[in-house]
Visitor: 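Before I ask anything, let me first share the structure, which is written out below as structure tokens.
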Amino acid sequence: MDIKAAVLAVCAVSAAKSLIGQMAGSVKMKGQLRLILDILLALVITAPFVSGFADFSLPDISAYELSDSSYAQELYDRALAERTASNLSDILTEQLAAAGIGCGKITAEVNILSDGSISISRVTVNTEDIEGAAEVIHNTLGDETEVVNEGVW
């Protein structure tokens, strides 16, 4: 039942209630007649809500794909890798400066593996002393990390 039909039904029952109330004037059963019309009006008013609740059903959860959570995990992994690379570049810059090795730019390749672990596969350095920079980086990150010289600084 749509809203227009519900409003028309309420108006019709209200008008009928008023007319019957006026015609009943001094009839003995006027109170009982009024009670019946009040109940009828209440039924007409609540009918759209009751029918709306009868049609209500919860959505089927199995219809939704779980790709939304994998997309969120992918975004999280990407943000974590970028943040880790930035922090690692800052730390390596400080360590190289403390070792007396000048460098212009350090970039780290950070990978987030499926088990959540972080892997640093390559560090690119812009320096004149690549051997000294590679030694400091290997001491910090391990010998398996590849150190590449981006160019002469």
Side-chain angles (χ1 to χ4, degrees), residues 1-98 103-127 133 136-138 140-151 153:
M1 181 184 283
D2 62 336
I3 294 177
K4 185 177 179 182
V7 170
L8 287 174
V10 169
C11 290
V13 170
S14 296
K17 181 180 170 187
S18 177
L19 286 174
I20 292 174
Q22 291 297 325
M23 288 194 294
S26 62
V27 176
K28 233 178 180 184
M29 298 186 340
K30 184 177 182 179
Q32 294 166 347
L33 187 59
R34 185 174 286 165
L35 176 65
I36 292 172
L37 291 173
D38 286 341
I39 291 172
L40 184 62
L41 180 64
L43 287 174
V44 168
I45 289 174
T46 58
F49 298 110
V50 172
S51 68
F53 287 131
D55 295 337
F56 179 75
S57 65
L58 293 174
D60 184 20
I61 294 176
S62 64
Y64 296 104
E65 293 182 23
L66 296 177
S67 64
D68 294 337
S69 67
S70 65
Y71 179 69
Q73 183 66 39
E74 182 181 319
L75 287 176
Y76 172 77
D77 289 347
R78 191 176 318 142
L80 179 63
E82 289 173 6
R83 184 68 178 165
T84 303
S86 172
N87 290 344
L88 186 62
S89 296
D90 293 343
I91 291 169
L92 290 175
T93 301
E94 290 176 9
Q95 288 184 349
L96 289 174
C103 67
K105 179 181 169 188
I106 297 179
T107 336
E109 265 185 42
V110 177
N111 302 311
I112 308 297
L113 303 178
S114 61
D115 63 351
S117 61
I118 297 173
S119 169
I120 301 153
S121 57
R122 172 187 277 186
V123 176
T124 305
V125 183
N126 187 354
T127 184
V136 171
I137 293 170
H138 285 148
T140 304
L141 301 176
D143 291 331
E144 64 276 354
T145 304
E146 179 184 5
V147 179
V148 178
N149 192 5
E150 189 174 71
W153 180 55

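Below, all heavy atoms of this structure are taken into account, side chains as well, without hydrogens, waters or symmetry copies.
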Visitor: Going by the rule side-chain contact (heavy atoms from CB on, under 4.5 Å), which residues pair with D115 if we only count those two or more places apart in sequence or in a different chain?
Guide: L113, S117

Visitor: Calculate, to the nearest 0.5 Å, the distance between atoms CG and CD1 belonging to L92 and I106 respectively.
Guide: 5.0 Å

Visitor: How many angstroms lie between CG in N149 and CG in N126, if you round to the nearest 0.5 Å?
Guide: 6.5 Å

Visitor: Specify the closest pair of heavy atoms between L96 and A133, including all atoms of both residues, with the distance to one decimal.
Guide: CD2-CA, 3.6 Å

Visitor: So do T107 and V123 actually touch side chain to side chain, heavy atoms under 4.5 Å?
Guide: no

Visitor: Nearest 0.5 Å please: distance from the CD atom of Q73 over to the CZ atom of R78.
Guide: 12.0 Å

Visitor: Would you mind reporting whether V13 and L43 have side-chain heavy atoms less than 4.5 Å apart?
Guide: no

Visitor: With V147 as reference, evaluate V136, T124, T127, V125 under the side chain to side chain contact (heavy atoms under 4.5 Å, CB included) test and give the passing residue.
Guide: V125

Visitor: According to side chain to side chain donor-acceptor pair (under 3.5 Å), does anything in residues 80-95 pair up with another residue at least two apart or in another chain? List the pairs.
Guide: Q95-T140

Visitor: Within this structure, what is the CD-CD1 distance for the pair E74 and I112, rounded to the nearest 0.5 Å?
Guide: 12.5 Å

